[in-house]
Amino acid sequence: MRMEQICIRLVKLDMLSSIRALNRFPSVIRWCGQRPSHRRASLCASDLMRTNSPSSLKPRGSVTLSSALCLRSRSGVNTCITAVRPPAEGGPTRGFHTSGRLRGLPAPLIWMVLKPLQKLMAIILGRSIRKWWLALPPNKKQLFREWTWRRRWHMVGAGAGLLLFVSLCLLTHLDESPVTGRTRLLVFSRESFMELAQVTAEAYMEEFKDSLIAPSDPRHQVVEQVVRILAERNQDIAEISAVPWTVHVVDGPTVNAFVLPNGNVFIFTGMLEAVADIHQLVFILGHEMAHALIGHAAEQASLSHVVELLSLILLTAIWAICPRDSFAVLGQWIQSKLVQFLFDRPFSRKLEAEADQVGLQLAAKACADVRSGPVFWQQMEIYDQLKGEPTIPEWLSTHPSHQNRVRQLDRLVPEALELRASCDCPALPKGDPRVIFHQTVKLLLDNAKKQEKITQDEKNEKERAGVMLPLPQSPPVLTQGSQPQRGGVLATSALLSK
């Protein structure tokens with residue numbers, strides 16, 4: 001035993017000296033797992049093998065193998081410790097790969113491609129079941145009903161088991177929303193949507209390549225500075241600090257802005273013209289960044305995916321039960337509208353309201369005047385009325401109405417002001433933008449009413465002046481030596497024409 005302990009110590013000292021001689025470069029430990037059969041296994045200094053040949057391990061790339069140590073134990077398992085010297089600085093570096101890396105399609109993109117095919121398969125299956133049932137003779141239909149009734153409890157048990165399995169799958173995909181801490185369902189991971197966002201960003205860049213504003217443009221610089229301030233002042237949120245934010249300003253009249261999950265910010269010049277000041281711009285960009293950091297796209301796609309899978313069962317039943325294809329098409333249309341108005345649009349409005357809440361918090365931490373947030377939506381309401389756009393009921397829209405957004409933000413403003421005060425921001429002016437906006441709108445309406453009244457008075461005066469004029473008379477018959485009689489403007493003009 002003492003001899004073995006001495007051998008082990010010698011091995012350790014030799015290993016340490018070898019690694020130190022290599023300037024403590026990273027090492028790779030390789031378990032060989034070979035059992036020698038031609039000799040007795042022992043652990044001593046005489047069995048220590050040291051090689052400086054790189055032939056035992058050939059990595060791909062420019063990694064240089066410097067030294068390897070192999071130990072053989074009594075159990076016959078060989079342990080090889082290989083010290084690997086990395087390449088010189090500036091040289092190419094690659095890891096160990098047996099084959100080239102393949103980049104697969106993002107899961108959400110695959111689902112979007114397969115979504116129409118799933119509906120088509122459900123329609124074909126339901127229609128096939130209906131035709132099969134109609135082709136059965138009456139006696140076989142009766143036998144099938146009796147067979148189903150005898151096995152009704154088996155079917156109930158199978159349905160309960162399937163429901164339990166689906167419930168467990170949904171429970172294992174629950175996640176906590178950043179910032180708000182809300183429990184939500186995430187079928188698709190954030191990483192998958194990052195890959196999809198990169199593909200989407202490339203498509204948008206190709207679409208807007210001829211209308212993108214140069215980075216030297218003052219409008220681009222303003223937006224870039226606002227995004228930078230929002231990101232710097234909210235570094236405590238991991239989803240913001242982990243994303244590189246990139247700004248793209250599109251020259252177009254559309255009043256819109258959006259942010260992809262990978263940090264690509266797209267804003268149209270129409271939105272820059274719609275905001276009244278820099279504080280409203282901070283709020284709008286904070287709202288769009290809130291969508292990205294919370295992962296609303298992944299959340300909405302997850303819910304849509306689950307609802308779509310469940311609706312496939314109903315779609316199959318519709319095409320199987322309806323006696324005609326026309327009735328089945330009508331039932332499918334009704335089903336799609338019910339899903340749209342009962343699930344998709346209410347959930348979209350909920351996410352928009354949450355983005356307003358989180359965006360207001362981001363703007364508060366960026367030292368913006370959060371009182372300007374409600375004012376923006378009041379401006380948008382007046383803008384829509386001036387354009388003559390029809391007012392859509394909220395339950396038909398994917399976004400909350402302007403009035404509901406104003407009411408919600410008014411409730412959140414006091415909390416946002418407290419958050420802003422805790423971030424060592426400069427004091428706000430005493431004038432509340434909401435009060436100033438209401439006073440301005442009232443003044444404009446009063447001036448418009450006065451102008452309308454003046455216009456109406458002038459119109460009435462003209463009408464009264466027209467009544468006081470004498471009625472036109474037919475021109476008199478002139479006799480020799482007689483003088484024309486003046487009977488009004490029309491009569492005089494008629495006489496002059498003669």
Side-chain angles (χ1 to χ4, degrees), residues 219 252-257 268-284 287 349 352-353 356 360 363 368-414 416-417 428-474 485-497:
R219 293 170 292 181
T254 307
V255 184
N256 190 23
F268 291 82
T269 54
M271 176 62 76
L272 298 179
E273 296 173 0
V275 295
D277 53 28
I278 192 68
H279 302 285
Q280 292 185 7
L281 180 61
V282 174
F283 167 71
I284 292 299
H287 168 90
R349 292 194 295 269
E352 289 293 332
D356 280 344
L360 198 66
D369 192 348
V370 293
R371 300 172 298 181
S372 298
V375 176
F376 173 78
W377 294 117
Q378 291 175 335
Q379 293 174 188
M380 292 302 298
E381 183 179 8
I382 296 176
Y383 176 75
D384 292 343
Q385 291 176 357
L386 293 177
K387 286 181 63 178
E389 295 185 358
T391 303
I392 302 176
E394 187 180 53
W395 63 276
L396 290 176
S397 176
T398 58
H399 289 63
S401 64
H402 298 320
Q403 296 179 357
N404 286 341
R405 278 184 149 174
V406 171
R407 284 193 289 266
Q408 182 197 9
L409 290 173
D410 282 335
R411 291 194 301 266
L412 296 173
V413 162
L417 289 174
L428 291 173
K430 294 182 179 180
D432 192 334
R434 295 170 293 180
V435 177
I436 296 175
F437 178 77
H438 283 296
Q439 293 176 350
T440 305
V441 171
K442 185 179 179 180
L443 180 61
L444 291 175
L445 291 177
D446 292 342
N447 291 336
K449 289 180 180 179
K450 291 179 180 179
Q451 185 66 29
E452 184 179 359
K453 185 179 180 180
I454 293 173
T455 305
Q456 187 66 29
D457 293 341
E458 292 178 352
K459 184 178 180 181
N460 294 337
E461 289 180 0
K462 290 181 179 180
E463 290 179 354
R464 287 195 298 268
V467 171
M468 293 177 64
L469 290 174
L471 294 175
Q473 299 178 359
S474 58
Q485 298 178 357
R486 302 185 181 220
V489 177
L490 295 178
T492 305
S493 60
L495 291 175
L496 290 175
S497 61

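- The two residues Ala363 and Phe283 make their nearest non-hydrogen contact at CB-CA, 4.2 Å.
- Contact between Phe268 and Thr254 at its shortest, heavy atoms only, is CB-O, 3.1 Å.
- Considering every non-hydrogen atom in both Ala274 and Gln280, the closest pair reads O-OE1, 4.5 Å.
- At a threshold of 4.5 Å between non-hydrogen side-chain atoms, the residues Met380 and Val255 count as touching.
- Taking CD1 from Ile392 and OG1 from Thr398, the interatomic distance works out to 9.0 Å, rounded to the nearest 0.5 Å.
- The two atoms that bring Ala257 and Met271 nearest to each other are N-CE, 4.3 Å, heavy atoms only.
- Using cut-offs of 30° and 60° on the angle between ring planes, the pair Trp377 and His287 is perpendicular.
- Side chains of Asp277 and Asp369 form no contact here, defined as non-hydrogen atoms less than 4.5 Å apart.
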side-chain contact (heavy atoms from CB on, under 4.5 Å) assessment of Asp356 paired with Leu412: CA-CA 9 Å; Asp356 280 344; Leu412 296 173; 5.8 Å; no
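- Although no hydrogens or angles enter the test, the distance criterion places no donor-acceptor pair under 3.5 Å between the side chain of Arg371 and the main chain of Val413.
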Output, in order, the C-alpha distance, side-chain angles, deciding distance and verdict of side-chain contact (heavy atoms from CB on, under 4.5 Å) for Val435 and Gln439. CA-CA 6 Å; Val435 177; Gln439 293 176 350; 3.6 Å; yes
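- Considering CG of Asp432 and NE2 of His438, their distance stands at 9.0 Å, rounded to 0.5 Å.
- Between the CG atom in Leu445 and the CD atom in Glu452 there is a gap of 11.0 Å [rounded to 0.5 Å].
- For the pair Ile382/Phe437, a side-chain contact is recorded, criterion being any heavy-atom separation below 4.5 Å from C-beta on.
- Of all heavy-atom pairs spanning Val370 and Ala416, the tightest one is CG2-CB, 3.9 Å.
- Side-chain contact between Glu394 and Gln403: absent, with no pair of heavy atoms (C-beta onward) separated by less than 4.5 Å.
- Distance check, rounded to the nearest 0.5 Å: CD of Gln378 to CG of Leu409 gives 10.0 Å.
- You'll find the side chain of Asn404 stays beyond 4.5 Å of the side chain of Gln408, heavy atoms only.
- We find the CG-OG distance between Leu360 and Ser372 to be 10.0 Å, quoted to the nearest 0.5 Å.
- Applying the side chain to side chain donor-acceptor pair (under 3.5 Å) rule to Arg411 yields no partners; only residues at least two apart in sequence or on another chain are considered.
- Here Leu443 contributes atom CG and Ile436 contributes atom CD1; the two are 13.0 Å apart, rounded to the nearest 0.5 Å.
- What you find for Arg434 and Pro374 is that their closest heavy atoms are CD-CG, 4.2 Å.
- Residue pairs that meet the salt bridge (charged side-chain N to carboxylate O under 4.0 Å, His left out) test with at least one member in residues 377-388, sequence neighbours left out, are Lys387-Glu389.
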